[in-house]
Every structure is written in C-alpha cells, then in structure tokens.
Undergrad: 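Structure incoming, see below.
These numbers were taken from a predicted model, which means no experiment stands behind them. Just so we're on the same page: letters track the sequence lines, and every chain starts at 1.
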There are 2 protein chains.
Amino acid sequence: MKEMLNERGYKATPARLAILDIFSKSKFPINAEIVYKNISKIKALRKTNEATIYRTLLSLESCGILKRINLRKNSAYFELADDHHHHIVCTKCNEIEDFENSELEKILGGIVVKSSKFKNVREHSLELFGLCRMCA
Amino acid sequence: MKEMLNERGYKATPARLAILDIFSKSKFPINAEIVYKNISKIKALRKTNEATIYRTLLSLESCGILKRINLRKNSAYFELADDHHHHIVCTKCNEIEDFENSELEKILGGIVVKSSKFKNVREHSLELFGLCRMCA
DNA sequence: TATTAAATGCAAGTTGTTTGCAAGTAGAAT
DNA sequence: ATTCTACTTGCAAACAACTTGCATTTAATA
C-alpha cells in the first residue's frame, strides 16, 4: 500500500494507510463518517481529525484509488476503484449488492457513438434501487 | 397544472405553479438555486423564500412529478418525471444531453432476476460522464 | 363567505464538507 | 543517522445546501 501511495506522489502516512486498510476490508461502499468511526478505534490513530479523513478521501479519489458512488444519500460514499461494477441498493434497509454485466457495458460503450454532441465518455454511474428479499 | 397538483392533494399555489412552469420550460435538469433565481424574476413572486423552493421540490418529488438526478454536483438537480431517460454530462462545461436505449432498459429489467438478495428493483439511476465535442 | 388544513416567510439550526494556518512528519538528500 | 523541505495534519472557524419551528396567510371546500 505504501508503494501505491508513493508511486502517485503521496506520502504513506499512518492515517492514509489505515484508511486504505479500512476500505480494503469493507465489503460495501462507506462514507467519511464510517471511516472516521473505524479509524478512531485504532489506539494510535484515535485522535485523527475529521478534516484529515475528508482530505484523504479527496486525494485518494483524485489519484484513482477510490471511486465515489451515488447511493442517494446526503453524504458521499466511496469504494476501492479496483474493479468495475455497479450496485443494487435496498431503499429500506440499505443492503447493497454488487453486480456486473458485460452486455450492459458493451451497450454503454456504444452510446456515445450515437450522440451528436458528445465525443467520448470516460465514466458512468449506474445504481439500481429496490427492495431486498427481507424487506419486500 | 392546477389539476395535476390538486389530484395529488396539493394546493395549486402561485409559487408551485411557477416552479412547475420553470421546469416545463427547462431543457435540462436544474437545482434549487436556479429555480430560485428564475422565480425571483417574476414580479409577483419575487419575494418567494428559498425554504419554499426546497419544500416544493421535496413535495413534487415525493408525489412523482419531479425526479431527482445525480449529476455529481454538490446540490440536488431535478427534472420533470414525465419520461424515462438518462443523461450524458460533460465534466468540463456541464453540457447535458439526454439519451434512452430500450435494449439497455431490458437488460436492467432482468438484472434483479439473477440476484440472490434482491426481490425487485423499482428505479435505477444511470448517468454517463465524459467530454462533449467542444471540450474534447 | 366562512372555515380550516395546508402553504409560506422568516430566522435560526443542522449536516456534510472545506479552508487557513501553525505545527508535525515522511522521504529525499546529505 | 541527521537535516531539510514539501507534504500532512489538527484545530477552529467558515461554508453551502438544506431543514425546521412557529406565527401568519391562503387555496379549496362547504
């Protein structure tokens, strides 16, 4: 993880390493508050400031390590950007399931070709919202 | 427009009618600030309070007249919910183009079938981000 | 036209996030 | 190992986008 940061011109500070670790252990996207709570549990880092969390999330996002996800919440959720997939979110209990679909990606890749105004598409955000079996 | 509101149990106040009118004339999604600026231009409504805009947007969203859109901005954008489509957003100049694709919708409709945890999907949000011809 | 639940204006509060600045620290250079 | 310096952090204050409480007004119905 240290190299991952240094390669991109970032110093590998304890807070950053811990935050990366928190993300790598999380099975679903998390927000600044959750990162803060988790990092606060580590004795050596218990005094980490919230501003540090926000700044770190921004840095890790802009160098491509983290990806920002739209979950229709009023805070920003992130996850490791290592693989491309989307989410199904339960609007009642917030359960999240990942999914991917290559056919879908193919169609999305072709959309811009048909556009008159757009030249290229770099990213897309796709999230499904519904009810999980428990809540339905 | 009056009936549209009354049918759903809302009073057709001048502010609401004006807000609906602003949306029906806008060719792209807009946020509370833009609605506020536009309604302020109308002499009779120039004193309309921002809280009213926020409350109205919420009401119109929850009764299904407006739809909330994720454009990766830090404010909420809305548009009339009359037809289903998605957006391509230029990350540089914010130009927005609508698109729809029936094949895509079909695939999205089938996703939940393959899911172990989810029973049904009610909505989805899909936005593409890239560069328009001008900015590319 | 009188009634009343719903809508509004105003001011203050909240939430999530950002910023300025002084002090601390990782990593490069000695 | 020590020094240097740009990058990081903590802290407190500022911000933006909303939300809320409450007194007043008003659209819709009777």
Undergrad: Figure out the CG/C1' separation between B/Leu57 and D/dT19, and round it to whole Å.
TA: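 It works out to 13 Å between those atoms.
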Undergrad: Tell me which residues in residues 16-54 of chain A lie within less than 4.0 Å of DNA chain C, going by non-hydrogen atoms.
TA: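 Close to the strand are A/Ala51, A/Tyr54.
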Undergrad: Could you verify whether a donor N or O on one side chain and an acceptor N or O on the other, from B/His86 and B/Glu105, lie under 3.5 Å apart?
TA: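 There is such a pair between these side chains.
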Undergrad: So do the side chains of B/Asn94 and B/Lys73 get within less than 4.5 Å of each other, counting heavy atoms only?
TA: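 Of all side-chain heavy-atom pairs linking B/Lys73 with B/Asn94, at least one is under 4.5 Å.
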Undergrad: What integer distance in Å separates A/Asn74:CG from D/dC18:C1'?
TA: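 A/Asn74 atom CG is separated from D/dC18 atom C1' by 9 Å.
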Undergrad: Find out whether A/Leu104 and A/Leu126 are in side-chain contact, i.e. whether some heavy atom of one side chain is under 4.5 Å from a heavy atom of the other.
TA: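 They are in side-chain contact.
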Undergrad: If hydrophobic clusters are built by linking Ile, Leu, Val, Met, Phe, Trp and Tyr wherever their side-chain heavy atoms come under 4.5 Å apart, do B/Ile69 and B/Phe23 end up in the same one?
TA: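 The answer is yes; both residues are in one hydrophobic cluster.
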Undergrad: Once each nucleotide of nucleotides 21-29 of chain C is scored for protein heavy atoms under 4.0 Å, what B/S/- sequence comes out, 5' to 3'?
TA: ----BBS--
Undergrad: Under 3.5 Å, is there a donor-acceptor pair between the A/Glu33 and A/Ser75 side chains?
TA: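 No, no side-chain donor-acceptor contact under 3.5 Å.
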Undergrad: Treat each ILVMFWY residue as a node, draw an edge where side-chain heavy atoms are under 4.5 Å apart, and state whether A/Leu58 and A/Tyr54 are in one component.
TA: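 No, A/Leu58 and A/Tyr54 fall in different hydrophobic clusters.
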Undergrad: Could you check if a side-chain atom of A/Glu95 sits within less than 4.5 angstrom of a side-chain atom of A/Met134, using non-hydrogen atoms only?
TA: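 A/Glu95 vs A/Met134: side chains apart.
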Undergrad: Roughly, in whole Å, what's the span from NZ in B/Lys73 to P in C/dT18?
TA: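 Computing the B/Lys73:NZ to C/dT18:P distance gives 16 Å.
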Undergrad: What do you reckon, is OH of A/Tyr10 surrounded by more than 12 foreign heavy atoms closer than 6.0 Å?
TA: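 More than 12 within 6.0 Å, yes.
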Undergrad: Using atom CZ of B/Phe78 as one end and atom P of D/dA17 as the other, report the distance to the nearest whole Å.
TA: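 After rounding, the reported distance stands at 13 Å.
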